[in-house]
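Numbers restart at 1 for each chain; the letters A, B, ... are given by sequence-line order, proteins then strands.
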Protein chains: 2
Amino acid sequence: MQIVTEQRRKDIHNSDVPAVCAACEARHGGVCGTLSPNQLLDLSRHSTRRRVEPGREVVGQGEISDSYANIISGVVKLSKVLADGRQQIVGLQFAPDFMGRPFTRESALTAEAAIDTDICSFPRNVIERLVAEAPGLEHRLHEQALKELDEARDWMLTLGRKTAQEKVASFLYIIATHIDPENGTATEFDLPLSRADIADYLGLTIETVSRQITKLRKDNVIRIESSRRVTVPSMDRLLHVAGID
Amino acid sequence: MQIVTEQRRKDIHNSDVPAVCAACEARHGGVCGTLSPNQLLDLSRHSTRRRVEPGREVVGQGEISDSYANIISGVVKLSKVLADGRQQIVGLQFAPDFMGRPFTRESALTAEAAIDTDICSFPRNVIERLVAEAPGLEHRLHEQALKELDEARDWMLTLGRKTAQEKVASFLYIIATHIDPENGTATEFDLPLSRADIADYLGLTIETVSRQITKLRKDNVIRIESSRRVTVPSMDRLLHVAGID
DNA sequence: GCACGCCTTTGATTTTGATCAAGTTGCCGA
DNA sequence: TCGGCAACTTGATCAAAATCAAAGGCGTGC
């Protein structure tokens, strides 16, 4: 996330960039922050905003590379499936992340909204054109890719080597830290994923996820207000149970 | 991998780039291929080559971002450990990959050679300087990051959702396709990892890996010439057992 | 208000892979 | 050639998580 300077705010205000895009950039900088007002205007002409409901595909398997999108609000899950239907969520993207796979087309991922999600998407060719003009944009995309790579590798450690209990605690910690990044780590939050989704994220079954959540509750690591709402009395304790020390 | 043109070969030959670097670039292009002869000369002045023996750290945990390296030959494993010693290999890099985490420093990874490995490394600041001058270099690094991200996500599906049998078969397939990329998929090859490393890559124990290899042998999916040497009579059959259909 | 469906929880049982425990094999150095 | 050691294999047992099965909740529409 980048700091939007006062000068830049003015420049954008004085240009023809739609107010909605100016507001989006002010809020999270993101991919737009590396563009000049003119380029931002160009991008905004080709962008489309829409709300995606839970379970709805943002882009289909194999198509994710054809568009690029800022997540305005909400959570998107990226997943892969085996031929027999076994599924694994390989990434979660939160506002204000941006999504997409510029420059490569092979990836076979499905991206779908986990909860109500607003996205602002751009066609691939526009992004590629802007990348050629604005070197800062590619740098920004590169950083995003490295961030996702770090997250993926952390998650591989969790998938490969942690117990069910540690996995569930690790998941809760990830949600707590990502759900509202502007305000830091949350101690009370709504889970953006159903038990089935959590199971697909953790490489477990629904029943095991449920039992582990119950156990964390009985051990007073978390409180459950409703099936989706969780309170964490001590983040240190959660971290400890998650095996992150 | 990029094609090194005849003209470029001449340009480099006529410059002061050391023969060893010219040969390296001719062989795999890689990060060097995006640089002008002058820049390549600059880079070669700061590069150091060395052979790393199995089990030796290429860069220590937390330091990987301080240097950047081409793998000339061999295999490097990237791993993460939990406080109690449980370990997960989160990436394997083969020649002619290049390694490193430009622009971010947080990653806590250990990189060590799995077999005898020759690397050519450059200090971080030199790479960053060249990136500022040569936009093609950042593009190349970005592509590398996206490739690693794709591989990491494929592997997450394997770690989270495949059986021990499928995991081992998937591992053998990965090795077959990466061990000698110039000649395509190998049907007979040496495993670059010990059983313990394979276990750490697959999130299994040594014993389970051994049993599954024995089972693949008994099922005639593979032949075992020695504990490290494997022959795959039918790649389709291996793929099928790996759950990649 | 009630019934239906979906999500979640809980319980009983089974299975997969981990753990514990010996053996082999093969390599290196004496 | 022989030990010694590390890497690997095999076997017996155990435990964690999957599977199978059955109830609860909870929201929605009638």
First and last nucleotide of DNA chain C touching chain A, 5' to 3', heavy-atom cut-off 4.0 Å?
-> C:dT8 to C:dA12
If you find the nucleotide of DNA chain C closest to A:I224 and the one closest to B:Q165, which residue's nucleotide is nearer the 5' end?
-> A:I224
For A:M235 and A:A176, work out which heavy atoms get closest and say how close.
-> CE-CB, 4.0 Å
Spacing between A:K167 atom NZ and D:dA16 atom C1', to the nearest angstrom = 11 Å
Members of residues 187-199 of chain B that approach DNA chain D, where some heavy atom sits under 4.0 Å away | B:S194, B:R195
Identify which one of B:V232, B:L191, B:I198 satisfies the side chain to side chain contact (heavy atoms under 4.5 Å, CB included) criterion when paired with B:L172.
-> B:L191
Whichever of B:T163 and A:S227 has the more 5' nearest nucleotide on DNA chain C, that residue is A:S227
Just how large is the angle between the end axes of the helix from C:dG1-D:dC30 to C:dA30-D:dT1, five pairs per end, to 10 degrees?
-> 30°
So, A:S47 side chain and A:S44 main chain: donor-acceptor pair closer than 3.5 Å or not?
-> yes
Residues from residues 200-216 of chain A lying under 4.0 Å of DNA chain D - heavy atoms = A:G203, A:L204, A:T205, A:E207, A:T208, A:R211
Would you mind reporting whether B:P54 and B:E112 have side-chain heavy atoms less than 4.5 Å apart?
-> no
Please lay out, stage by stage, how A:D118 and A:R49 fare under the test salt bridge (Lys or Arg N to Asp or Glu O under 4.0 Å).
-> CA-CA 7 Å; A:D118 290 315; A:R49 292 203 171 216; over 6 Å; no
Can you tell me which residue pairs pass the ring pair (Phe, Tyr, Trp, His ring centres under 6.0 Å) test with a partner in residues 209-238 of chain A, sequence neighbours excluded?
-> none
All ring-ring contact (aromatic ring centres under 6.0 Å, His included) counterparts of A:F94, not counting sequence neighbours = A:H178
